[in-house]
Amino acid sequence: MSKKTIMLGNEAIARGAYEAGVKLSSAYPGTPSTEISEYLAKYEEVYTEWAPNEKVAAEVAIGASISGVRSLACMKHVGLNVASDPLYTFAYTGVNGGSVFVVADDPGLASSQNEQDTRMIARAAHVPVLEPSDSSEAKEFVKIAYELSEKYDTPVILRTTTKLAHSQSAVELCDRTEVPDRGYERDVRKYVMMPASAIGRHLVVEAREKKMAEDAAEFSVNKTEINDTKIGFITCGIAYQYVKEACPNASVLKLGLVNPISKKLVDDFMSKVETVYVFEELEPVIEEQVKAWGYEVKGKEIFTRQGEYSANMLKKAVFGIDEVVFEKADSPARPPILCPGCPHRSVFSVLSKLKIHAAGDIGCYTLGAVAPLSVIDTTICMGASISSLHGMEKARGKDYIKNWVAVIGDSTFLHTGVNSLINMVYNKSTGTVMILDNRTTGMTGHQEHAATGKTLKGEDTYAIDLAELCRAVGVPNVVEVSSFDVAELEKTVRESVASDTLTVIIAKAPCVLLKGQKFPNLCVVDPDKCKKCGLCMKIGCPAMTKGADGKVKIDPTMCNGCGLCKNYCKSGAIKTEVR
């Protein structure tokens, strides 16, 4: 079979894994990588799963590789930090069946807490990196990655970015290649990384990387285009598309293998082109290597290290041409906000009323940092809310955290929050941890996790009981409460922060965007009773506005009848009706 179709970059990566004969994929959802696993789950030939975190996903893929099958692990750039422990050692052990880590970077911070360049970690770990420029290459590079993985006995990273992951281009579909399982042979020096073995394997890693760099001049993923020799670009990934758009007549060295870099290709290109620019998003990885070889090139002194690149940015930096692609519309700012009826809003409204600070975590609840709720004070990384609260107590004493709580979601709690909670128990903390259990992995698009009772493929499975888990690790006080029972939630929080007992409060209510949710009720305002006090507006629900007369209005197309606003209306102007 061979036919062409239009695919997202993420869908093309999944297709590439399928065609390459991959048998196992493990991942943790994280924008912009999430859809890879969702597309791959549609192929019955591939076992796919959501792991509780990226470290586990990497280790699952490593185990599959050692057993002799082709395996895949998918994550976003900050997820690679979590998976870096096994990755660094996997580079030493090498593979049996081919193993590829797909890592999606996020230039421009579309949905991340930092800008991070995966090539920097790969270079430190001595792991080769392939970077495609469109969906077609994304599919083909996956297949090439497995060939390189098995030929050079190494895990391979396929680096993608937000723009590539979520843009579309033509892809030629091919049949799946069923790759025979490789036999496993016990080899302590290869797979058991105690010091005596690791010393020898480090030499193997160096030799392998040197050999790959030498061979890379012949790799099909690298491409040299000699046109106008007065100006040239060394580039990679999606940045290549901007070069072709802005400077179609320039000479280009397009690197598909961005670590290690072929010196032979660079030498040849530099000998033919007068002025060379290195055009790469984020860090000057290629630029520094080329300059280390003694060449004068132009790079980050005119191109920023920050954000996404564009063809217009290139034209402005190189030629001083500032083209206005779109007239900027004079429209009001639309910052991200919690959805109408979001259970997080109910929790945050209580914390705001009690003037309690919250050490936050990664998820939708970061939106509680902004007005009018203004509750979340910190966001660092997955699981850090609990650990940082513990640090505050141990540094400043029990009284210091009497007006602090840690706030974490159910999926994030299972990701890395459990270890942090164990640390609180073990080291005798007395703080308050709030798990906002909305029954899904919300911000990345409603993926299942170990407490939802469904697998990635939609199969029924055991659902971890978060309350029982907390009790099992030794938390002395675990309370479950509805997120929308404002009175009970307020009482529970007051008692918890005042006590000297470690408490976990599990605030439970499903995400309003989950499939199957029904909203039979609607909140309405009686204008005759509205006192224009604005107390109900303090919760920041986007379904609520003030009219020209100063009285509150509720948009029936947005309201889902959660009733939170009703709790804050002292004049009884808001009531709940059947929709």
Colleague: Taking ring pair (Phe, Tyr, Trp, His ring centres under 6.0 Å) as the definition, give me every residue that meets it alongside Phe279, ordered by chain and number, with sequence neighbours left out.
Modeller: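 Checked Phe279 against ring pair (Phe, Tyr, Trp, His ring centres under 6.0 Å); matches are Phe303, Tyr309.
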Colleague: Not counting sequence neighbours, which residues clear side-chain contact (heavy atoms from CB on, under 4.5 Å) with Pro284? List them please.
Modeller: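 In terms of side-chain contact (heavy atoms from CB on, under 4.5 Å), with neighbours along the sequence ignored, Pro284 is linked to Glu280, Glu287, Glu288, Lys300, Arg305.
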Colleague: Would you please name every residue forming a ring pair (Phe, Tyr, Trp, His ring centres under 6.0 Å) with His357, sequence neighbours left out?
Modeller: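 Trp404.
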Colleague: Is any side-chain N of the basic residue among Arg182 and Glu150 closer than 4.0 Å to the acidic one's carboxylate O?
Modeller: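 A salt bridge is present here (some side-chain N lies under 4.0 Å from a carboxylate O).
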Colleague: Measuring only between side-chain heavy atoms, which start at C-beta, is Leu158 closer than 4.5 Å to Phe101?
Modeller: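 Contact flag for Leu158/Phe101 side chains = no.
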Colleague: So that I can tick it off, tell me whether Glu140 and Lys143 are bridged by a salt bridge, with the cut-off set at under 4.0 angstrom between side-chain N and carboxylate O.
Modeller: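 Salt bridge present between Lys143 and Glu140.
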Colleague: Less than 4.5 Å apart, side chain to side chain, heavy atoms only: is that true for Asp361 and Val407?
Modeller: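 Not touching, per the 4.5 Å side-chain cut-off.
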Colleague: Measure from the side-chain N and O atoms of Ser251 to the backbone N and O of Asn227, and report whether any donor-acceptor pair falls under 3.5 Å.
Modeller: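 Side chain of Ser251 to backbone of Asn227: a pair is present.
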Colleague: Going by the rule ring pair (Phe, Tyr, Trp, His ring centres under 6.0 Å), which residues pair with Tyr240 if we only count those two or more places apart in sequence or in a different chain?
Modeller: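 Partners of Tyr240 by the ring pair (Phe, Tyr, Trp, His ring centres under 6.0 Å) criterion come out as none, since no residue qualifies.
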Colleague: Listing request: all salt bridge (Lys or Arg N to Asp or Glu O under 4.0 Å) pairs with a residue in residues 246-262, at least two apart in sequence or in separate chains.
Modeller: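 Counting only pairs at least two positions apart or across chains, the salt bridge (Lys or Arg N to Asp or Glu O under 4.0 Å) contacts touching residues 246-262 are Glu137-Lys254.
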Colleague: Could you tell me whether the side chain of Thr93 and the main chain of Lys190 form a donor-acceptor pair under 3.5 Å?
Modeller: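 Judged by distance alone, no pair lies under 3.5 Å.
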Colleague: Is there a donor-acceptor pair under 3.5 Å between the side chain of Tyr146 and the backbone N or O of Ser71?
Modeller: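 Checking the backbone N and O of Ser71 against the side chain of Tyr146, a donor-acceptor pair under 3.5 Å is found.
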Colleague: By side-chain contact (heavy atoms from CB on, under 4.5 Å), which residues pair with His166, not counting sequence neighbours?
Modeller: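 In terms of side-chain contact (heavy atoms from CB on, under 4.5 Å), with neighbours along the sequence ignored, His166 is linked to Asn10, Thr31, Pro32, Glu35, Thr162.
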Colleague: Under a 4.0 Å N-O cut-off, is there an ion pair linking Glu147 with Lys151?
Modeller: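 Salt bridge: no.
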Colleague: Looking at side-chain heavy atoms only, is the closest gap between Asn312 and Tyr242 below 4.5 Å?
Modeller: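 Answer no - side chains too far apart.
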Colleague: Under a 4.0 Å threshold between the charged nitrogen and the carboxylate oxygen, would Arg201 count as salt-bridged to Asp153?
Modeller: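 Salt bridge: yes.
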